[in-house]
Participant: 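There's a structure below that I have some questions on.
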Amino acid sequence: MKTHKLIMPLDMHLHLRDGVMLENVAPLSAYSFSGGLVMPNLVPPVDTLDGLKAYKERIVATIPNDYFEPYMSLFYKNYSRKFLEDVKEHILAIKLYPAGVTTNSEGGVSSFDIEAIRETLEAMSELEIPLCVHGESDGFVMDREAEFMSVYELLAKNFPKLKIIMEHITTKEAVDMLDRYKNIYATITIHHLLLTLDDVVGGLMMPHHFCKPIAKRPEDKEALLKVALEAHPKVMFGSDSAPHPKDKKEASHCSAGIFTSPIALQLLCEVFDDHNKLENLQAFVSDNAQSIYGICPEFKEVTLIKSEFSVPSSYGDVVPLFSGKKIAWSILEVD
Ligand SMILES: [Zn+2]
């Protein structure tokens with residue numbers, strides 16, 4: 001049977017939450033990934049050095065049996081240069097949320113007046129701290145990401161030395177930005193390579209396919225697939241795996257977020273294999289991130305096999321993408 005090895009897979013956009021949920025989901029990422037960029041949108045957000053260190057300790061405590069590097073990120077606010085100097089060695093990036101666009105982002109940035117954020121972004125450029133951005137406007141839901149491109153342009157032009165990572169891109173407009181600005185990069189999820197809006201609301205409504213940014217049109221998915229499958233050097237895998245308890249998903253006011261971390265590598269193998277591009281998966285899922293962020297994770301080798309895997313109906317109280325379905329690839333072993 002066909003097998004495929006991945007070395008040091010990295011998940012560059014990961015929600016591990018806190019408390020009981022953290023204990024449930026962190027070991028699942030730690031099993032198959034070498035590391036992940038942990039998002040800071042807790043309640044309250046991770047925006048102090050003490051808070052960050054304590055969160056990292058809580059993460060590490062949940063994974064006593066696996067090597068997994070939780071690369072930490074800080075919730076964007078205007079920070080002083082002195083604070084950024086102190087925090088730099090403890091973080092990989094700072095994550096900017098426009099206020100209120102997704103789960104626990106209420107304390108985010110409410111205006112993109114460049115002068116109001118210049119001091120912090122200039123200090124980040126000089127200290128070489130990348131800026132990760134949840135890029136959505138407050139417009140009509142299908143247009144939010146495309147409308148945000150003007151903000152990315154403003155940031156890229158005003159801070160040419162700042163590494164800007166467009167997180168979980170979903171549109172061809174975002175794909176086009178990659179070759180337009182030297183300092184713009186992107187993460188792509190597995191679910192946006194698989195789903196369009198039709199899979200969310202085209203038939204019966206599918207709460208486990210509902211996330212922000214919402215899955216878009218077929219031509220957007222094709223544009224994402226093109227850069228992912230060729231492992232465009234400015235693109236990396238970030239699952240945006242975002243667990244919510246089942247009763248918050250299968251409910252009126254369904255929370256936004258798709259849980260994929262335990263099946264992400266299997267699904268990536270399936271997609272890349274279906275397009276005869278398995279040879280590019282290593283770059284998409286690790287090598288590109290290593291060179292963009294300048295990181296060198298500890299060795300881990302994951303062997304996948306083209307043999308059906310039945311996705312569990314739930315992991316604890318979290319329902320994964322494609323729960324109860326069969327997917328084409330499984331994890332054979334992890335060394
Ligand atoms: Zn996210």
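Remember, it's 1-based here, ligands and their atoms both numbered in the order they're listed.
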Participant: Under 6.0 Å between ring centres: does that hold for Phe259 and Phe322?
Facilitator: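 They do not qualify: ring centres at least 6.0 Å apart.
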Participant: Can an N, O or S atom be found in Asp240 less than 2.8 Å away from the Zn ion (ligand 1)?
Facilitator: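 Looking at Asp240, which is the residue asked about, there is an N, O or S atom under 2.8 Å from the Zn ion (ligand 1).
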Participant: Would you say the Zn ion (ligand 1) has His13 as a near neighbour, meaning an N/O/S atom of that residue under 2.8 Å away?
Facilitator: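 Yes.
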Participant: So which atom in Ile190 and which in Phe237 form the shortest heavy-atom distance, rounded to 0.1 Å?
Facilitator: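 Taking every non-hydrogen atom into account, N-CE1, 3.6 Å.
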Participant: Quick check, are the ring centers of Phe33 and Phe68 under 6.0 angstrom apart?
Facilitator: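 That pair fails the under 6.0 Å test.
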Participant: Is it true that some N/O/S atom of His15, main chain or side chain, lies under 2.8 Å from the Zn ion (ligand 1)?
Facilitator: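 Within the cut-off used here (under 2.8 Å), His15 does place an N, O or S atom near the Zn ion (ligand 1).
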Participant: Among the clusters formed by ILVMFWY side chains lying less than 4.5 Å apart, do Val175 and Met149 turn up in the same one?
Facilitator: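 Yes, because Val175 and Met149 connect within a single hydrophobic cluster, where side-chain heavy atoms sit under 4.5 Å apart.
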